[in-house]
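Numbers restart at 1 for each chain; the letters A, B, ... are given by sequence-line order, proteins then strands.
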Protein chains: 2
Amino acid sequence: MLKNFIKQLRITEEELQEELQKYSNITVHTKGDFIIKNDEYIKVLKIVLRGKVRVYQDNEDREILIYYLNDMETCTLSLSACFEDCKSTVNAIVEEDCAILNIPVRFVKDWNFKYKSWNTFTTNTFRESYNHLINQYSNLAFQPLKDRLFDYLVSKASNFIVKKSHQQLARELGTTREVVSRLLKTIEKENKVKLGLKEIIILDKN
Amino acid sequence: MLKNFIKQLRITEEELQEELQKYSNITVHTKGDFIIKNDEYIKVLKIVLRGKVRVYQDNEDREILIYYLNDMETCTLSLSACFEDCKSTVNAIVEEDCAILNIPVRFVKDWNFKYKSWNTFTTNTFRESYNHLINQYSNLAFQPLKDRLFDYLVSKASNFIVKKSHQQLARELGTTREVVSRLLKTIEKENKVKLGLKEIIILDKN
DNA sequence: TACTACCTGTGACTTTTGTTACAGCATTAA
DNA sequence: TTAATGCTGTAACAAAAGTCACAGGTAGTA
């Protein structure tokens, strides 16, 4: 699995490959495990090799999704923490059993100037995350919840189907279950989705 | 002014200092000038040496502030664009006359692995911007507008005074003038601010 | 002075979102 | 089978934010 990662990232330097072998380790986790907890120090860079992790912020009784980590994705916030010792401001919880590559923070920073491919990797991670977050931000600012919900469904659908409960959707969008139920009903009346139990079928992507 | 920048960023490599001298140029702009326009290609990294620039996204009739650039601050989005040719998704407008350092994108990427101090600079820029944006994001998600407005006033106050019109505040917070006027009035009734013409005095920071 | 362009205040109304409360189903474990 | 738990639907109400309309103030300037 580490080899996949090395390949996917185009880590060509043999020396870096060896360092990765030597200093990183792979851990496995099952659904519901917390990978990162709010207000705890971040000591390793977490890269999801396989599985799915939800990274979110919470606020009293509500939450908002920051991002999902899927196969071969890196937690940008823990990457950021590698460059300055700091506490996490988010939680990360395993949604699908996963294998995680853990790289102690002290290496991540050094490698950044030592290995070109690592430099490219960290820069791209930051860049993509930043652009993604700006989009999220302006959607949150401008789009009514109904549109954000529908767009979210479309983005998360595989084969036009989203297998999530209203509660989950509410969490990820930073709202409440009742509101999601209500909005889904109105979207259904517009013939854009069909609602089932823990399953939503997208009928019309516009 | 370029020397200030070199000093402030701790750019120690003489070779990089020379490259900066050689390839970058400084432009001056007056209030109201657009530095970056939505949907235009980004060709240079913009660093504000002196002055103030407002970077925002717009959406039909409303806007939302992404960030302000003050003395010695770098436009993270144009930095991001240096690593992949792309169009701007924001506008940047001069709010206070300014001097801007322009570095053609092709250098920025190369320097990132060539000069350690440049690498540190770009990484820090990304890191700080990302953290800042995550805060903005979760405030937008969780805080009522009244609290965001008050916090914003506190953050922008110098000597407990904010010299902005309600219209400006509305723009920066992604809302409308009437809403700001109304909220400011209720905050004034709570004796937390005192309203004047184009001037708001903070009385109580809590 | 008179004109213009901003700026602020505010009432009345609408829309969106959140809250409370409850009912009915489905699924799983005991 | 029964109980418990989680999922969905929905009415009724409350609060927050946005919209419309208009009045009056201030400052610059022609």
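Rounding to whole angstrom units, CD of residue Glu178(A) and C1' of dT17(C) are separated by 11 Å. Rounded to an integer number of Å, the gap from Lys146(B) NZ to dT17(C) P is 21 Å. Note: CG (Leu149(B)) to P (dA16(D)) measures 14 Å, nearest angstrom. Taking atom CD on Gln167(A) and atom C1' on dT5(D), their separation rounds to 13 Å, with Å as the unit. For the pair Lys164(A) NZ and dT8(D) P, the computed distance is 13 Å after rounding to whole Å. We find that CG of Leu197(B) is positioned 6 Å from C1' of dC7(C), with the value rounded to whole Å. The interatomic distance linking Ile187(A) (CD1) with dT16(C) (P) rounds to 13 Å, in whole Å. Atom P of nucleotide dT8(D) and atom CD of Glu188(A) are separated by 12 Å, given to the nearest angstrom.
Regarding contacts with the backbone of dT16(C), every side-chain N or O of Arg182(A) stays at 4.0 angstrom or more from both OP1 and OP2. In terms of phosphate contacts, Thr175(A) brings a side-chain nitrogen or oxygen within less than 4.0 Å of OP1 or OP2 of dG18(C).
Between Phe5(B) and Leu49(B) there is a side-chain heavy-atom pair separated by less than 4.5 Å.
Arg148(B) comes within 4.0 angstrom of nothing in the nucleic acid, heavy atoms only.
The environment of Lys109(A) atom NZ is sparse: at most 12 non-hydrogen atoms of other residues, nucleotides or ligands sit within 6.0 angstrom.
Side chains of Glu19(B) and Tyr115(B): a donor-acceptor N/O pair is present below 3.5 angstrom, by distance only.
Of all nucleotides listed (dG18(C), dC20(D), dG9(D)), dG9(D) comes nearest to the side chain of Leu195(A).
Ion pairing between Lys164(A) and Glu172(A) holds under the 4.0 Å rule for side-chain N and carboxylate O.
Nearest-nucleotide positions on DNA chain C for Gly174(A) and Glu199(B) put Glu199(B) closer to the 5' end. Comparing His166(A) and Ala141(A) along DNA chain D, the residue whose closest nucleotide (by nearest heavy atom) sits nearer the 5' end is His166(A). Where Arg177(A) and Leu145(A) meet DNA chain C, the nucleotide closest to each residue was compared, and Leu145(A) sits on the side nearer the 5' end.
The only option from Arg177(A), Glu95(A), Lys163(A), Arg54(A) that meets the side-chain contact (heavy atoms from CB on, under 4.5 Å) definition with Gln168(A) turns out to be Glu95(A).
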